[in-house]
Amino acid sequence: VAKGEGKGQWRRYQAALHNTFLERLELRAELDKAVARESFVVHYQPIVALDTGRAAGLEALVRWNHPERGVLTPDHFIAVAEESGLIVPIGNWVLAQALRDAAAWWRTLPADAAPYVSVNVSARQFRDAGFVASVRRHLTAAGLPPDRLVLEITESLLLRDDEQVRQDLATLRDIGVRVAIDDFGTGYSSLSYLRQVPADILKIEKSFIDSIAAHHQQRALVEGIMRLASTLDLTVIAEGIEHTADRDALAEVSCPYGQGYLFCRPLALPQVMDWLVGARQVAA
Ligand code: C2E
Ligand code: MG
Ligand code: MG
Ligand code: MG
């Protein structure tokens with residue numbers, strides 16, 4: 001920084017910091033109110049079988065119905081929700097809502113066509129003392145069979161060698177709830193750690209899926225993950241598929257499930273049933 005300019009730049013830098021801090025404070029206060037008023041909504045994105053195009057499950061993705069800014073996706077507020085701990089009540093609300101919605105699909109559709117619901121759980125929410133009990137309670141209240149629920153966790157939750165986390169995962173799996181490792185490939189998983197992970201599903205992160213058709217190395221990497229998953233008895237979902245060529249390449253390496261804008265964007269609840277019925281007709 002040139003002398004003379006330094007002071008002005010420093011002030012601008014300070015102003016920017018200050019701004020961000022105030023913005024975060026304000027966001028936090030607004031989020032507090034949103035929790036009290038339950039101003040959230042859950043959208044659902046289909047997880048499809050790549051061979052039939054039918055929905056095996058639906059991922060629950062939270063949105064904030066902001067009074068001035070409209071419907072906000074998680075990138076606008078999840079960081080502040082995590083920092084403040086508000087992710088715990090927000091996550092709990094999403095779980096209850098998602099289980100109620102999944103129970104409605106379960107009651108409406110034939111058993112072999114009723115999709116599971118896949119709910120994202122932050123590390124903080126998972127570590128909260130009442131988490132396992134609240135999953136049980138919400139399942140019972142909704143009347144949904146536990147095998148219609150998948151919980152998506154990230155590698156960061158498993159990184160610390162935490163006995164309580166392992167026990168809780170085991171308890172959930174004992175009652176029939178499945179566990180998916182979200183965004184696989186972006187964390188720090190070592191093979192030895194994966195061996196002991198109590199999970200059922202690997203979701204391969206979008207950056208590994210993009211242009212798998214065009215790049216030989218990318219494809220070899222995904223093939224490696226497929227072999228690893230098969231050794232560990234995990235099923236695989238490819239995230240963020242946008243192009244037919246990538247979908248075809250994934251099918252060629254025997255990836256069973258996928259998710260992405262190519263198939264369907266996240267849907268508001270009223271559109272879900274139409275999509276499910278429509279997709280089934282196409283597949284038939
Ligand atoms: P995620 O769990 O990995 O979810 C996938 C994200 O990728 C979603 O973004 C989805 O809309 C988006 N996506 C799906 N297909 C495509 C595609 O083909 N192309 C592109 N570019 N994007 C695609 P979204 O809904 O904005 O959610 C972002 C993240 O926020 C989620 O990533 C998840 O980590 C977090 N999140 C969402 N809902 C919840 C929740 O209820 N609780 C918690 N703790 N986290 C949540
Ligand atoms: Mg997810
Ligand atoms: Mg993901
Ligand atoms: Mg993600």
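When reading the values below, keep in mind they use all heavy atoms of this one structure, side chains included, and skip hydrogens, waters and symmetry mates. Each ligand, and each atom within it, is numbered from 1 in the order the structure gives.
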| Is Arg265 touching ligand 1 with its side chain, its backbone, both, or neither, if touching means heavy atoms under 4.0 Å apart? | neither
| field | Backbone or side-chain N/O/S of Asp183 under 2.8 Å of the Mg ion (ligand 2) | value | no
| In Å, rounded to the nearest 0.5 Å, how long is the span from CD1 of Ile204 to CG of Leu221? | 8.5 Å
| query | Do any N/O/S atoms of Asn120 come under 2.8 Å of the Mg ion (ligand 2)? | reply | yes
| task | Check if Gln125 has a non-hydrogen atom at a distance under 4.0 Å from any atom of ligand 1. | result | no
| query | Do we get Arg63 above Phe40's six-membered ring, with its NZ or CZ under 6.0 Å from the centre and within 45° of the axis? | reply | no
| query | For ligand 1, does Glu59 get within less than 4.0 Å through its side chain, its backbone, both, or neither, judged by non-hydrogen atoms? | reply | side chain
| said: Do Cys255 and Val222 make a side-chain contact, defined as non-hydrogen atoms from C-beta onward lying under 4.5 Å apart? | reply: no
| query | Counting only heavy atoms, which portion of Asp182 has something under 4.0 Å from ligand 1: side chain, backbone, both, or neither? | reply | side chain
| request: Determine whether the side chains of Gln218 and Asp210 contain a donor N or O and an acceptor N or O closer than 3.5 Å. | output: no
| request: Enumerate the residue pairs fulfilling salt bridge (Lys or Arg N to Asp or Glu O under 4.0 Å) with a member in residues 243-265, sequence neighbours excluded, ordered by first and then second residue. | output: Arg219-Glu252
| Any idea which part of Ile87 is under 4.0 Å from ligand 1, heavy-atom wise: side chain, backbone, both or neither? | side chain
| query | Looking at ligand 1, does any of its N/O atoms fall within less than 3.5 Å of an N/O of Thr73? | reply | no
| Does the side chain of His66 come within less than 4.5 Å of Ser39's, by heavy atoms? | no
| Test of proximity, Val62 against ligand 1: N or O pairs below 3.5 Å | yes
| Nearest to the Mg ion (ligand 2) - the N/O/S atom of Asp182, by atom name | OD2
| task | Decide if atom CD of Glu163 counts as having more than 12 heavy atoms of other residues, nucleotides or ligands within a radius under 6.0 Å. | result | yes
| message | Below a 4.0 angstrom heavy-atom separation, can you tell me which part of Leu262, side chain or backbone, both or neither, approaches ligand 1? | response | neither
| query | Are side-chain heavy atoms of Tyr44 and Asp101 found at a separation under 4.5 Å? | reply | yes
| So does Asp162 pair up with Arg127, basic N to acidic O under 4.0 Å? | yes
| Is there a nitrogen or oxygen of Glu242 sitting under 3.5 Å from a nitrogen or oxygen of ligand 1? | yes
| task | Check Lys203 against ligand 1 and report side chain, backbone, both or neither, counting heavy atoms closer than 4.0 Å. | result | neither
| query | Which of the atoms in ligand 1, numbered in the order shown and given with their element, are less than 4.0 Å from a heavy-atom of Val94? | reply | 41 (O)
| Do any of the N/O/S atoms of Glu205, backbone or side chain, fall under 2.8 Å from the Mg ion (ligand 3)? | no
| message | If you count heavy atoms of other groups shown closer than 6.0 angstrom to CZ of Phe126, is the number above 12? | response | yes
| query | Short list, please: which atoms of ligand 1 are under 4.0 Å from a heavy atom of Pro266? | reply | 11 (O)
| task | Step through the shown structure and confirm whether more than 12 heavy atoms of other residues, nucleotides or ligands are within 6.0 Å of CZ on Arg124. | result | yes
| query | Can you hop from Phe184 to Leu157 via hydrophobic side chains spaced under 4.5 Å? | reply | yes
| note | Filtering Asn92, Asn120, Ile90 for the heavy atom nearest atom 45 (N) of ligand 1 leaves Asn120
| request: Evaluate the side-chain proximity of Trp64 to Val71: yes if any heavy-atom separation is below 4.5 Å, no if none is. | output: no
| query | With respect to the Mg ion (ligand 3), what is the nearest N, O or S atom of Glu239? | reply | OE1
| said: If I consider every N, O or S atom in Glu59, which one ends up closest to the Mg ion (ligand 2)? I only need its name. | reply: OE2
| field | Ligand-residue contact atoms, ligand 1 with Ser122, heavy atoms, under 4.0 Å | value | 44 (N)
| Arg63: heavy atom below 4.0 Å from ligand 1, yes or no? | yes
| With atoms numbered from 1 as shown, which atoms in ligand 1 lie under 4.0 angstrom from a non-hydrogen atom of Gln45? | 14 (C), 15 (N)
| query | Step by step, would you call Trp275 with Phe263 a ring-ring contact (aromatic ring centres under 6.0 Å, His included)? | reply | CA-CA 11 Å; Trp275 194 91; Phe263 307 106; 8.6 Å; no
| Taking 2.8 Å as the cut-off, does an N/O/S atom of Glu152 lie below it from the Mg ion (ligand 3)? | no
